[in-house]
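In this chain, residues are counted from 1 in sequence order.
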Amino acid sequence: MRASGGASPRPAPPKCSASPTTTATKLLVRGASSSSLAMPAPRLAHLRRLLALHSPPPHPLAPSPARPLPHPLPRAMAGAAHAGVATGSAEYEEVLRCLSSLITQKVRADTGNRGNQWELMSKYLQILELEEPIARLKVVHVAGTKGKGSTCTFAESILRSCGFRTGLFTSPHLIDVRERFRLDGLDISEEKFIRYFWWCWNKLKVKTGDDIPMPAYFRFLALLAFKIFSDEQVDVAVLEVGLGGKYDATNVVKAPVVCGISSLGYDHMEILGNTLGEIAREKAGILKKGIPAYTVPQPAEAMSVLKQRASELGVSIRVVPPLDPRQLEDQPLGLHGEHQYMNAGLAVALANTWLERQGHLDRIHVKDHGTLPDQFIKGLSIACLHGRAQIVPDPQVNSEYKDTSCPLVFYLDGAHSPESMEICAKWFTHVTEKDITQPGPLEQPRSSGNSKKILLFNCMSVRDPQRLLPRLLDTCAQKGLHFDQALFVPNQSQYAKVGSHASPPSGREQIDLSWQLSLQTVWENLLHGEKGLNGPSSSGTSLVFESLPSAIKWLRKTSRENQSTSCQVLVTGSLHLVGDVLRLIKT
């Protein structure tokens, strides 16, 4: 790409990090000698080394020819600004490498939730001249522990079905970072993402330094979302809080149209606090004076805090019951699981209040017989959010069979709290029952006569497996389901950063499996008497793999060798793990 005015070609910018190379994998079976493993330094130090990236230099700005830049550029950038953007994998991977350089090396538990230089957000808004554009956005703002992403997805889909141009910001992404930014229900295009990224990146690079550092990863993404939604002139911006509420990057919105708080529970306790009251207080930080607020039925301790905070602000926080399925006129929800009726009920209240406060209730027709307006039913039924109660037959193995049976099926749910583990277990036991089909656009694949239940699991080291795995096993056992095997793996994404093509590090000595081995120990102890969960179908077999690709390879090999038995694999414990599995099985 050549800059205007006969400038010399731009030199290729230095890479932010070297891509790790592929490594051979080795299966490790519980009971084998662990002393044969060359274990490195503790896993946190290992992850810090992986994330120790150098910040790259500014990239020449490249706006869309169809949309001129709204602000003047520094002279050094002005020439290159008119050269257009060359989209493509190389350009996009360069963007991803720069994004990765913003990932903080600090362990979140080290800092607590003291704002972490929260005042910097106002400075970033000034640098990007986003204060007025944000004030003009018509925002639906949602916090919570469980279901906030689903609630946002439902609300956006409803308002889009009412004819509005929508922007949706959610987290985390599963495969591609662009999933976090939806315009009219679709991930932002690569070309637009690149253009808006460099616009924000370069303005921040010029104005940041020792006193004002570059924003951390999630803060940059939130700033990018505000830039995208304001420039794209969306009618409504639906924002999911990343973590907590009070100090979340999305909470720079001073006057949303309506706020919502989904189900609260124990998660991110190292940051938000050890009690439901402390967690609720952080979530209630998104409530604003004079702004309508809604929540769902909560534990008494959490509800008391929410109502107290609402009272201090002079607003009434209304409690919304789960949606009655009869209001959908026999249409299924687009997101599956009984728990989604709770999220759908909250989304209906948020969307209805947004329409009312914006003077758009004339867009919908309220029916006399108690069902929802047609646009609401359509929005709820077409909502889509990957990685939540999602069923994916393995395309590689299943393509080898001519009949309709599916010998290898992945059941993916990003549950990572005790409460969501229980919900996930109920969903998995229900949809894997013999001859049960999942309603909606995606039917439960029919398995062959016999089935083998396998757990594929990992969770972040800040979570307590002693709280997660017992809830999963207890709930499954109560429903008569017992796992035949459990596989514990590291996430692929811990090596891949933000990009999509990197592989685990090469030398075996670099792979620290201490966390996966500890998860395996918890599992084995649960199965062998400590909790009395060992059922007749529980063999107690568990395996630890050095990489996720090796686990997928093993599952496919096992499925091919036992064609009369279908493998039903529950993937849970981490949304990052779910995204990594989706990426691997679809490539």
Side-chain angles (χ1 to χ4, degrees), residues 25-32 336 389-413 424-438 442-458 469 472-489 519-520 523-524 526-528 533-545 547-573 577-578 580-582 584-586:
T25 57
K26 178 182 178 181
L27 185 64
L28 302 173
V29 183
R30 174 72 178 177
H336 304 301
Q390 183 180 3
I391 302 173
V392 182
D394 181 62
Q396 185 178 120
V397 171
N398 296 327
S399 64
E400 300 168 6
Y401 293 82
K402 295 182 180 180
D403 57 21
T404 57
S405 65
C406 298
L408 178 57
V409 181
F410 293 92
Y411 298 78
L412 304 113
D413 191 88
C424 171
K426 290 178 178 178
W427 165 73
F428 181 63
T429 56
H430 175 71
V431 297
T432 55
E433 288 176 355
K434 189 174 181 180
D435 296 327
I436 291 290
T437 59
Q438 178 153 314
L442 177 62
E443 287 196 349
Q444 152 71 10
R446 292 192 177 275
S447 61
S448 52
N450 300 318
S451 65
K452 188 176 184 179
K453 306 297 191 292
I454 300 174
L455 175 66
L456 181 60
F457 187 89
N458 192 34
L469 290 173
L472 176 68
L473 274 172
D474 266 328
T475 306
C476 287
Q478 290 167 11
K479 301 289 184 179
L481 185 147
H482 302 276
F483 289 98
D484 297 282
Q485 283 183 305
L487 315 181
F488 299 97
V489 295
L519 294 175
Q520 184 189 44
W523 177 265
E524 293 283 346
L526 288 171
L527 286 181
H528 295 132
L533 291 172
N534 193 22
S537 300
S538 295
S539 65
T541 302
S542 60
L543 308 172
V544 169
F545 289 85
S547 73
L548 181 57
S550 65
I552 301 295
K553 182 178 179 180
W554 182 87
L555 285 166
R556 286 169 170 166
K557 180 175 181 290
T558 300
S559 179
R560 291 185 178 103
E561 291 175 350
N562 301 273
Q563 298 183 15
S564 61
T565 302
S566 65
C567 293
Q568 298 174 318
V569 184
L570 175 62
V571 182
T572 192
L577 175 64
V578 167
D580 293 338
V581 170
L582 282 171
L584 285 170
I585 66 178
K586 290 186 175 183

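Between atom OG of residue Ser566 and atom CG of residue Leu408 there is a gap of 9.0 Å, rounded to the nearest 0.5 Å. We find the CG-CG distance between Leu555 and Leu487 to be 5.5 Å, quoted to the nearest 0.5 Å. Rounding to the nearest 0.5 angstrom, the gap separating the CG atom in Leu412 from the OG1 atom in Thr572 is 9.0 Å. Taken from CG in Asn458 to CZ in Phe545, the straight-line distance is 13.5 Å, to the nearest 0.5 Å. Here Cys424 contributes atom SG and Leu570 contributes atom CG; the two are 4.5 Å apart, rounded to the nearest 0.5 Å. Note that CD1 of Ile552 is 10.5 Å distant from CD of Gln396, once rounded to the nearest 0.5 Å.
Remark: Lys426 engages Glu422 in a side-chain hydrogen bond (donor to acceptor under 3.5 Å, both in side chains) (not counting sequence neighbours). Annotation: side-chain hydrogen bond (donor to acceptor under 3.5 Å, both in side chains) contacts of Lys557 (sequence neighbours excluded): Glu561. Applying the side chain to side chain contact (heavy atoms under 4.5 Å, CB included) criterion to Ala486, with sequence neighbours excluded, gives Leu455, Phe488, Trp523, Ser542.
Taking 4.5 Å as the limit, every side-chain heavy atom of Leu584 sits out of range of all side-chain heavy atoms of Leu582. When side chains are defined from C-beta on, Leu456 counts as touching Val489, because their heavy atoms get closer than 4.5 Å.
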Worksheet item: Can you list the steps and then say if Phe483 with Leu527 is a side chain to side chain contact (heavy atoms under 4.5 Å, CB included)?
Response: CA-CA 10 Å; Phe483 289 98; Leu527 286 181; over 6 Å; no
Worksheet item: Please walk me through it: do Ile391 and Phe410 pass side chain to side chain contact (heavy atoms under 4.5 Å, CB included)?
Response: CA-CA 6 Å; Ile391 302 173; Phe410 293 92; over 6 Å; no
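Here the shortest heavy-atom pairing between Arg556 and Asp394 reads NH2-OD1, 2.8 Å. Nearest heavy-atom pair across Asn398 and Pro393 is ND2-CB, 3.1 Å. Looking at every heavy atom in both residues, His482 comes nearest to Ala477 through CE1-CB, 4.0 Å. Counting all heavy atoms, side chain and backbone alike, Pro407 lies closest to Ser559 at O-OG, 3.3 Å. Residues Pro395 and Ile585 share a closest heavy-atom pair of CG-O, 3.1 Å. When all heavy atoms of Phe457 and Leu577 are compared, the pair lying nearest together is C-CD2, 3.8 Å.
Side chains of Lys452 and Gln485: a donor on one and an acceptor on the other come within 3.5 Å.
Using cut-offs of 30° and 60° on the angle between ring planes, the pair Phe428 and Tyr411 is perpendicular.
When atom types are taken as modelled, the side chain of Asp413 and the backbone of Ala389 share a donor-acceptor pair closer than 3.5 angstrom.
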